[in-house]
2 protein chains.
Amino acid sequence: MSDAESPLIDDLEHELRAEGVRITRQRVAILSALANSGDHPSAEEILERSRKQDSSVSLATVYRTLSILVDRGTVLRNEFDGTGARFELANKPHHDHLIDVDTGDVIEFTSPRIEELQAEIARELGYDIVDHRLELYGKLRTRD
Amino acid sequence: MSDAESPLIDDLEHELRAEGVRITRQRVAILSALANSGDHPSAEEILERSRKQDSSVSLATVYRTLSILVDRGTVLRNEFDGTGARFELANKPHHDHLIDVDTGDVIEFTSPRIEELQAEIARELGYDIVDHRLELYGKLRTRD
DNA sequence: AATGCTCTTGCGAATTATTTGCAATAAGAA
DNA sequence: TTCTTATTGCAAATAATTCGCAAGAGCATT
Ligand SMILES: [Mn+2]
Ligand SMILES: [Mn+2]
Ligand SMILES: [Zn+2]
Ligand SMILES: [Zn+2]
C-alpha cells in the first residue's frame, strides 16, 4: 500500500511548485478531495472530504487554497442560487450547468451553439467576452 | 406641484392592496425609487434613493419590501459577480445581462435563439426550465 | 373623526459565508 | 541540520442579509 498519488494530482503539484507554491499536506488533501469529487462541493464539503486524508485541515486553509487554485485557473468557482460557492477542478472542457430545483442535483451540459451566440451578441454590443455564466434551473419532466 | 404618482406606481399600489399588502409611505418610496431607476441598484442604493422621498426608510425595510416584491414577481433580483444583489422592476420583457468588467456597466440584451436553445437542452435532459441565469462578462472591444 | 386589530417599521442583534491578523509551524533551499 | 519565509489554525473581523421586538401606522369599522 504505497502513497502514490494520482497522476492528476502529481501534475498539479509540479505545476504549483514550479510557480513557487509550497506543497503542504493540507494542500494535497484539498487537491485530492477535489480530484475525487465528481460533484460540485462547497467549501465545507471540501473541508470534510480533505480531513479524511489530513485531519488538520482547517476551513480557513480550504478557502485560502481554493482562492489560489481559482486564481490559477485550476479550480472553477460556481455561485448557483441558494447559498455558498461550489467548486470543481477545471480539468474538463467548458460546460454549463442545469440545476434540479427539487433535488439540488447539478447536471453538466455543453452547447456550442449557445457559446457561439453569446460571442456574437457580445460582439454586436462592442464587447469581447472574458467570462460568462449560464445556469438553467429546472424540474424533472413528469409523464403524468 | 401635485403629489400625483406615476400610473405605474399607482397600478402596483392597487395590485398590492388587492392582495392585502398595506401601502405604507416607505413602500411607496421604495417602489418609486425602483420605478425611477434605469439601472440595477443594490439594496443600499435603493435605500439612498427612497430616502429622498421618505427619509425614514430603513435598510431592513428595503430588504423586507424587496423580498415581498420579488416573491410577487414585481421585482427581479440579480446576483452578478462581485458583491450584493441588484434589483430592477420586472415590468419589461425578459432579458439577460452583459456586464462590463471594467466599468461595472450593465447592458441588457435579448436572444430568442438562446432562449430556445436553453429550453431545447433542458428538454433533452428531461427537464422543464423554471428559471435561468445568463450573464456575459466582457471588455469593451478597442480598435487599437 | 375616533377606535382597534393587525401589519409594518426602525433598531440593533443574529446569521451565514468568507476573509484576515497573528503567533506558531513547517516547506524547501542551502 | 539550519535558516528563511510561506503557510497554518484559531479567533476575530467583514459584508450582506435576516430576525426579534416594542413602538408606530394602515385601514376597515363605527
Ligand atoms: Mn461543472
Ligand atoms: Mn435588467
Ligand atoms: Zn458556457
Ligand atoms: Zn434569458
Side-chain angles (χ1 to χ4, degrees), chain A residues 3 5 9-10 12-31 33 40-48 50-51 53-72 75-87 104, chain B residues 3 5 9-10 12-31 33 40-48 50-51 53-72 75-87 104:
Chain A
D3 240 14
E5 285 162 8
I9 297 191
D10 233 54
L12 290 175
E13 284 185 26
H14 280 116
E15 286 176 33
L16 289 166
R17 228 186 289 264
E19 293 183 37
V21 177
R22 291 184 184 175
I23 303 307
T24 65
R25 253 176 318 137
Q26 293 85 336
R27 286 176 178 170
V28 174
I30 291 168
L31 281 172
H40 300 78
S42 64
E44 285 284 357
E45 288 168 333
I46 293 170
L47 174 67
E48 290 170 22
S50 53
R51 273 185 166 163
Q53 176 163 345
D54 177 351
S55 63
S56 83
V57 179
S58 74
L59 187 55
T61 292
V62 168
Y63 275 113
R64 282 185 288 231
T65 300
L66 286 173
S67 180
I68 291 172
L69 297 175
V70 168
D71 288 349
R72 290 187 73 259
V75 164
L76 295 177
R77 175 189 303 253
N78 300 295
E79 296 217 32
F80 304 141
D81 277 1
T83 52
R86 316 216 137 235
F87 306 84
Chain B
D3 239 15
E5 285 161 10
I9 296 191
D10 233 54
L12 290 175
E13 284 184 26
H14 280 115
E15 286 176 32
L16 290 167
R17 226 186 291 263
E19 293 182 37
V21 177
R22 292 185 184 173
I23 303 307
T24 64
R25 252 176 318 136
Q26 292 86 335
R27 286 176 178 170
V28 174
I30 291 168
L31 281 172
H40 300 78
S42 64
E44 285 284 356
E45 289 168 332
I46 293 170
L47 174 66
E48 290 169 22
S50 53
R51 272 185 167 163
Q53 176 162 342
D54 176 352
S55 63
S56 82
V57 179
S58 75
L59 187 55
T61 291
V62 168
Y63 276 113
R64 281 185 289 230
T65 300
L66 286 172
S67 181
I68 291 173
L69 297 175
V70 168
D71 288 347
R72 289 187 74 260
V75 163
L76 296 176
R77 175 190 305 253
N78 302 113
E79 297 217 30
F80 304 141
D81 276 0
T83 53
R86 316 214 137 238
F87 305 83

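Predicted model only: the values in this text are computed from it and were never measured. Because only heavy atoms are used, hydrogens play no part in the values below, and waters and symmetry mates are left out as well, while side chains stay in. Order of the sequence lines fixes the chain letters, A, B, ..., with proteins taken first and strands second; residue numbering starts at 1 for each chain.
The distance from atom CD of B:E44 to atom C1' of D:dA15 is 10 Å, rounded to the nearest whole Å. Straight-line distance from the CG atom of B:D71 to the P atom of D:dT18: 10 Å, rounded to whole Å. In this structure, B:D81 places its CG atom 15 Å from P of D:dA16, rounding to the nearest Å. A straight line from CD1 of B:I68 to P of D:dT18 spans 12 Å, rounded to a whole angstrom. Regarding A:D54, its CG atom lies at a distance of 12 Å from the C1' atom of D:dG9, rounded to whole Å.
Between B:R51 and B:S58 the shortest heavy-atom distance is NH2-CA, 4.2 Å. Of all heavy-atom pairs between B:V57 and B:A29, the closest is CG2-CB, 4.2 Å.
Where A:R51 and B:S67 each meet DNA chain D at their nearest nucleotide, the meeting point lying more 5' is that of A:R51.
Of the candidates A:E44, A:E79, A:E45, A:R86 forms a salt bridge (charged side-chain N to carboxylate O under 4.0 Å, His left out) with just one, namely A:E45.
The shortest distance between the side-chain N/O atoms of A:T61 and the OP1/OP2 oxygens of D:dG9 is below 4.0 Å. Not one side-chain nitrogen or oxygen of A:S58 sits closer than 4.0 Å to the OP1 or OP2 atom of D:dT8.
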Derivation of the side chain to side chain contact (heavy atoms under 4.5 Å, CB included) call for A:S50 and A:D54: CA-CA 6 Å; A:S50 53; A:D54 177 351; over 6 Å; no
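No donor-acceptor distance shorter than 3.5 angstrom exists from the side chain of B:T65 to the backbone of B:V62, with no hydrogens or angles considered. Without hydrogens or angle criteria, A:R77 side chain to A:A85 main chain gives no donor-acceptor distance under 3.5 Å. The backbone N or O of B:I23 sits nowhere less than 3.5 Å from a side-chain atom of B:R17 that would complete a donor-acceptor pair.
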So if I define the base as every atom that isn't primed, P, OP1 or OP2, how would nucleotides 22-30 of chain D read as a B/S/- string at a heavy-atom cutoff under 4.0 Å? ---BBS---
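Once rounded to the nearest 0.5 Å, the distance linking CG of A:L16 with CD1 of A:I68 reads 8.0 Å. Rounded to the nearest 0.5 angstrom, B:I46 CD1 and B:Y63 OH are separated by 9.0 Å.
At the heavy-atom level, A:R64 lies under 4.0 Å from base atoms of the strands shown.
The span of DNA chain C lying next to chain B, judged by atoms under 4.0 Å from heavy atoms, is bounded 5' to 3' by C:dT6 to C:dC11.
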